[in-house]
Amino acid sequence: MAQISAASPGKVPRTARGRETLRKLLDAAAAEFGERGFHEASISGITRRAGTALGSFYTYFDSKDAIFTALVRDMSARVATTAAAAVSAGSTGLQREREALEGFLHFARDHKEIYRIIDEAEFADPASYRDHYEGTATRIAARLAEGVAAGAVRDGAQDVRAWAIMGMNVFLGLRFGVWDDSRSVEEIAEVAADLLGEGLIRR
């Protein structure tokens, strides 16, 4: 699980209580970085939000940079888990992409801070920033390849398609998850699925 592996090297918690403290620190870090940004955020602010002692922070993390890296990886893993959980058993092709997008839109609405955190990672932690997007694209490409094998998707350059779909999903999450969440997730996902399935050309 993401929260178990997110600590600094050599500082992985071994008890349920330790894992709970680590989860509190990561959640507090999400709020701190999301509200104040990387440069203004502080370790004391994180521990205050988490309701933990300063010493507890250093039990699991070496620095502010370390918890930021852990947070980016944790949020990336949670996005993947949420999207996978939204996909119904046996779905493939277009239906699978629509369901995965619905899951992501719900996540974006519940965790609006993810956009600021991931955006700041481009400069604060470029390796994690790249890993987040490359990992997401790899998962989408794998879903498309499975759709091809199932006969639900026509074959093509799955890597290019994956990045195109990911780009669409990211900006749909920003527009209809962070900036304005008044329209239903299902409506947004259906319009996106129609675009993927039917294209723009009038037939």
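In this structure, F38 and F33 have parallel ring planes: the angle between them is below the 30° cut-off, well short of the 60° mark. Taking the six-membered ring for Trp and thresholds of 30 and 60 degrees, Y133 and Y129 have ring planes more than 60 degrees apart, a perpendicular arrangement.
Proximity of a side-chain donor or acceptor of S128 to a complementary backbone N or O of D125 within less than 3.5 Å is not detected. No donor-acceptor pair under 3.5 Å is formed between the side chain of Y60 and the backbone N or O of L25. Checked by atom type and distance alone, the side chain of E120 never pairs as donor or acceptor with a backbone atom of G37 at under 3.5 Å. No donor-acceptor pair under 3.5 Å is formed between the side chain of Q158 and the backbone N or O of A141. Between the side chain of K24 and the backbone N or O of T52 there is no donor-acceptor pair closer than 3.5 Å.
Residue F171 is grouped with residue V185 when hydrophobic side chains (ILVMFWY) are merged at heavy-atom distances under 4.5 angstrom, including chains of intermediate members.
Between A121 and V72, the closest heavy-atom pair is CB-CG2, 3.9 Å. Between F104 and N169, the shortest heavy-atom distance links the atoms CE2-O, 3.3 Å. Taking every heavy atom of both residues into account, G18 and P13 meet most closely at C-CB, 3.5 Å. T92 approaches A152 most closely through the heavy-atom pair CG2-CB, 3.6 Å. The shortest heavy-atom contact between F68 and I117 is CZ-O, 3.5 Å.
Under the side chain to side chain donor-acceptor pair (under 3.5 Å) criterion, the residue pairs touching residues 141-151 are R96-E146, E97-R143, with sequence neighbours excluded. The list of salt bridge (Lys or Arg N to Asp or Glu O under 4.0 Å) pairs with a residue in residues 133-142, not counting sequence neighbours, reads R130-E134.
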Go through it in stages, so that I can follow the logic: the residues are E186 and R98, the test is side chain to side chain contact (heavy atoms under 4.5 Å, CB included), and I'd like the CA-CA distance, side-chain angles, deciding distance and then a yes or no. CA-CA 9 Å; E186 292 74 20; R98 181 175 66 247; over 6 Å; no
For D181 and K112, what are the C-alpha separation, side-chain angles and deciding distance, and is it a salt bridge (charged side-chain N to carboxylate O under 4.0 Å, His left out)? CA-CA 10 Å; D181 59 7; K112 299 178 189 296; 3.4 Å; yes
Start with the C-alpha distance between S42 and E32, add both sets of side-chain angles, then the distance that settles side chain to side chain contact (heavy atoms under 4.5 Å, CB included), and finish with yes or no. CA-CA 8 Å; S42 66; E32 178 78 359; 3.8 Å; yes
Before you tell me yes or no, could you show the steps for W163 and I140 under side chain to side chain contact (heavy atoms under 4.5 Å, CB included), namely the whole-Å CA-CA distance, both residues' side-chain angles and the distance that decides it to 0.1 Å? CA-CA 8 Å; W163 281 89; I140 295 173; over 6 Å; no
Output, in order, the C-alpha distance, side-chain angles, deciding distance and verdict of side chain to side chain contact (heavy atoms under 4.5 Å, CB included) for Q95 and V87. CA-CA 9 Å; Q95 179 185 351; V87 174; over 6 Å; no
Criterion salt bridge (charged side-chain N to carboxylate O under 4.0 Å, His left out) on D180 and R109, from CA distance to verdict: CA-CA 9 Å; D180 177 14; R109 290 182 175 190; over 6 Å; no
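Environment of CD in E40: sparse, with no more than 12 heavy atoms of neighbouring residues, nucleotides or ligands closer than 6.0 Å.
Atom CG of residue L94 and atom CG of residue L144 lie 10.5 Å apart, to the nearest 0.5 angstrom.
The shortest distance between side-chain heavy atoms of M75 and L26 does not fall below 4.5 Å.
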